[in-house]
2 protein chains.
Amino acid sequence: MSDKRTRAPRNTLNPELIVTTALGLMKTEGVEAFSLRALAKELGVGPMALYTYFRGKDELIDAVRDHLFSTRKLSSAQGPWQQQLRSVATGLRELLLEHPCLLRILASRPLKGPETAAATETVVRALREAGFSKENAARAHTSLFTFVLGAALWESQMNAEKQDPEGRRRLRATMAAVSEVDYPTVVDLAGELAATSGGDAQFEFGLTALIMGLEPFAG
Amino acid sequence: MSDKRTRAPRNTLNPELIVTTALGLMKTEGVEAFSLRALAKELGVGPMALYTYFRGKDELIDAVRDHLFSTRKLSSAQGPWQQQLRSVATGLRELLLEHPCLLRILASRPLKGPETAAATETVVRALREAGFSKENAARAHTSLFTFVLGAALWESQMNAEKQDPEGRRRLRATMAAVSEVDYPTVVDLAGELAATSGGDAQFEFGLTALIMGLEPFAG
DNA sequence: CGGCGTACAGTACACCGTACAGTAGCGTCG
DNA sequence: CGACGCTACTGTACGGTGTACTGTACGCCG
């Protein structure tokens with residue numbers, strides 16, 4: 001098109017389109033590589049056009065986070081309280097692993113909005129109905145949430161590291177660098193430690209332990 | 001440091017000085033604000049001077065991480081295995097909370113080096129001596145580590161948010177935005193949830209639960 | 001004392017987020 | 001139907017980033 005006298009029509013941009021495009025870009029390029037300029041180019045507009053809908057990059061990223069939380073219902077749980085906790089925790093982990101960028105977002109900024117209120121409600125209500133005191137219910141909820149966050153964060157990083165050959169080489173080098181004299185048990189368990197750095201079974205193990213440890217607090 | 005005057009550096013620049021200065025800058029300005037140019041200015045040199053000691057920013061940050069891990073001994077634990085796990089976990093949490101930048105570093109890149117081998121050795125040996133199978137010992141270790149990571153990450157973010165008045169306002173606004181009709185339990189526990197978002201007691205609660213949940217796996 | 005390797009300085013480039021000012025398409029109204 | 005104003009967009013610019021490449025002078029060794 002040699003003549004580009006017309007600029008982009010006025011209607012082509014809206015918050016939802018921006019957010020979903022941003023999300024796509026984050027998935028393909030990685031969160032750290034994501035930039036407003038790249039997003040604008042992808043949308044066929046100038047970088048400043050985005051400022052009509054978001055005050056800046058931070059607000060856009062918050063919107064992406066909220067969007068991701070809104071895509072999955074984490075609160076449909078039933079059965080005994082242990083099973084409800086499992087269900088919510090598993091759902092949250094799946095969401096986080098499916099969208100590593102969400103993990104990075106959560107790790108870099110506090111969770112401001114009430115996006116997770118539904119999940120929190122499910123967990124906390126189950127705990128209260130199981131006889132947990134108010135305080136213990138709150139503590140148990142926070143423990144569960146932070147456990148899932150940490151586990152997913154670690155798992156995601158390990159997955160990323162295992163993907164490219166360079167990362168695999170580095171992992172192997174790390175393992176080889178551990179002195180057998182100083183750390184015999186670590187060396188002995190090297191295989192197990194590497195194997196359990198991620199995966200459903202690892203998560204299930206920790207989740208089960210945590211929930212079992214919560215049981216004495218039920219009334 | 002009488003290192004035998006082998007070859008005195010041309011000026012007062014060396015890796016250790018760079019790393020500690022970088023760490024100081026991260027603590028005062030925040031990790032995200034940290035830049036090579038600011039570090040160079042602080043050291044009174046040009047930005048490029050740093051490249052004679054580190055290949056780039058990433059390598060420097062890795063060095064900061066390694067330095068931080070080397071400053072604290074996490075492995076001096078004794079007593080029953082539960083207590084040893086508590087000791088290592090508590091030490092790690094303290095280290096992470098004392099240096100929020102370390103938390104951000106861990107959250108943004110995989111743990112490559114064997115810096116934590118000593119802590120891992122302590123945990124894994126205690127578990128093995130308690131009768132854990134190889135696989136379960138590895139799983140328990142990973143669960144413990146990721147729990148501490150997630151808890152410290154969350155706690156650190158909440159602390160940061162609570163520090164400036166703007167953050168406190170946002171937290172209160174978030175709580176107020178939760179619908180009492182949809183999420184009655186959350187609203188009922190609002191005070192407890194806010195109070196338990198961090199602090200030693202919250203961490204102890206989760207840690208105790210996790211370790212108790214691990215006990216059935218002891219032989 | 002002369003030469004040389006290297007620890008620094010300087011410049012430059014591509015990219016970033018975003019402040020500010022200008023312009024043109026669209027809805028609205030006379 | 002024509003004109004106007006709002007506002008969604010564009011363009012330009014500024015100060016910042018990491019870092020590649022090139023230049024320079026210091027301090028050690030022969």
Nearest-Å distance, [atom1] ([X]) to [atom2] ([N])?
{"X": "N14(B)", "N": "dT6(C)", "atom1": "CG", "atom2": "P", "result": "18 Å"}
{"X": "L60(A)", "N": "dT18(C)", "atom1": "CG", "atom2": "C1'", "result": "13 Å"}
{"X": "L13(A)", "N": "dC9(D)", "atom1": "CG", "atom2": "P", "result": "5 Å"}

Check: H99(A) and L95(A) side chains under 4.5 Å, non-hydrogen atoms | yes
Suppose we screen for side chain to side chain contact (heavy atoms under 4.5 Å, CB included). Which residues come up paired with [X], at least two apart in sequence or across chains?
{"X": "A89(A)", "value": "L144(A), V148(A), F203(A), L207(A)"}
{"X": "E94(A)", "value": "R72(A), T90(A)"}
{"X": "S179(A)", "value": "V181(A), D182(A)"}
{"X": "T120(B)", "value": "V186(A), L193(A), T116(B), V124(B), H141(B)"}

Hits for ring-ring contact (aromatic ring centres under 6.0 Å, His included) against Y183(A), two or more places apart or cross-chain, chain-then-number order -> none
List the atom pairs, with distances to 0.1 Å, where a side-chain N or O of residues 33-41 of chain A and a protein N or O form a donor-acceptor pair under 3.5 Å, not counting sequence neighbours.
unit_1, atom_1, unit_2, atom_2, d
S35(A), OG, A38(A), N, 3.1

Near DNA chain C, under 4.0 Å by heavy atom, which residues of residues 49-59 of chain A?
-> Y51(A), G56(A), K57(A)
Nucleic acid contacts of residues 30-41 of chain A, taken as heavy-atom distances under 4.0 Å to DNA chain D = R37(A)
Output every pair passing salt bridge (charged side-chain N to carboxylate O under 4.0 Å, His left out) with a member in residues 184-197 of chain B, not counting sequence neighbours, ordered by first then second residue.
-> K134(A)-D188(B)
